[in-house]
Amino acid sequence: MKLLYFALFRARIGCGEEELALPAEVKTVGALVDWLAQRGPGYRAALADRKLVRVAVNQDYVDFDHPVAANDEVALFPPVTGG
């Protein structure tokens, strides 16, 4: 899976993108976020408040119950406001 991190996620995790092999039990966006939060203190800090996590799978905005697959591109970013 290709993961893209933007804004505060990039800063706290320490990279803009990475490719990871997911465990078989990770089947939804929510499970992915939970799994990533266990990867270290930067991930834990970035993903601690789910209200600040927005996700796109294959460039479509999705909710935490959306399924994920090994060949997906998943982007994590903070809420975006217009003005």
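For reference, positions follow the sequence shown, starting with 1.
- Around the CD atom of Gln59, the shell of radius 6.0 Å holds no more than 12 heavy atoms that belong to other residues, nucleotides or ligands.
- A cation-pi arrangement, defined by a distance under 6.0 Å to the six-membered ring centre and an angle within 45 degrees of its axis, is present between Arg50 and Phe64.
- Closest non-hydrogen pair, Ile13 versus Ala46, comes out as CG1-CB, 4.0 Å.
- The closest donor-acceptor contact from the side chain of Asp72 to the backbone of Val57 lies at 3.5 Å or more, if one exists at all.
- Closest heavy-atom contact between Glu18 and Tyr5: OE2-OH, 2.6 Å.
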Apply side-chain contact (heavy atoms from CB on, under 4.5 Å) to the pair Arg10 and Leu76, showing each step before the final yes or no. CA-CA 9 Å; Arg10 175 185 287 209; Leu76 301 175; over 6 Å; no
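- In this structure, Asp63 contributes its side chain and Asp65 its backbone to no donor-acceptor pair below 3.5 Å.
- Leu32 and Met1 get closest at one heavy-atom pair: CD2-SD, 3.9 Å.
- Trp35 and Val62 fall within the same hydrophobic cluster, defined by Ile, Leu, Val, Met, Phe, Trp and Tyr side-chain heavy atoms under 4.5 Å apart, directly or through other members.
- Hydrophobic clustering (side-chain heavy atoms under 4.5 Å, transitive across Ile, Leu, Val, Met, Phe, Trp, Tyr) keeps Tyr61 apart from Val68.
- Side-chain atoms of Glu73 and Leu4, non-hydrogen and from C-beta on, do get closer than 4.5 Å to each other.
- Heavy atoms only, all atoms of each residue included: Glu25 and Ala31 are closest at O-CB, 4.5 Å.
- Residues Leu22 and Tyr43 share a hydrophobic cluster, clusters being chains of Ile/Leu/Val/Met/Phe/Trp/Tyr side chains in contact below 4.5 Å.
- When every heavy atom of Leu36 is checked against every heavy atom of Leu47, the shortest pair comes out as CB-CD1, 3.6 Å.
- Rounded to the nearest 0.5 angstrom, Arg54 CZ and Phe6 CZ are separated by 15.5 Å.
- Leu8 has its side chain out of reach of Phe77: every pair of non-hydrogen atoms, C-beta onward, lies at least 4.5 Å apart.
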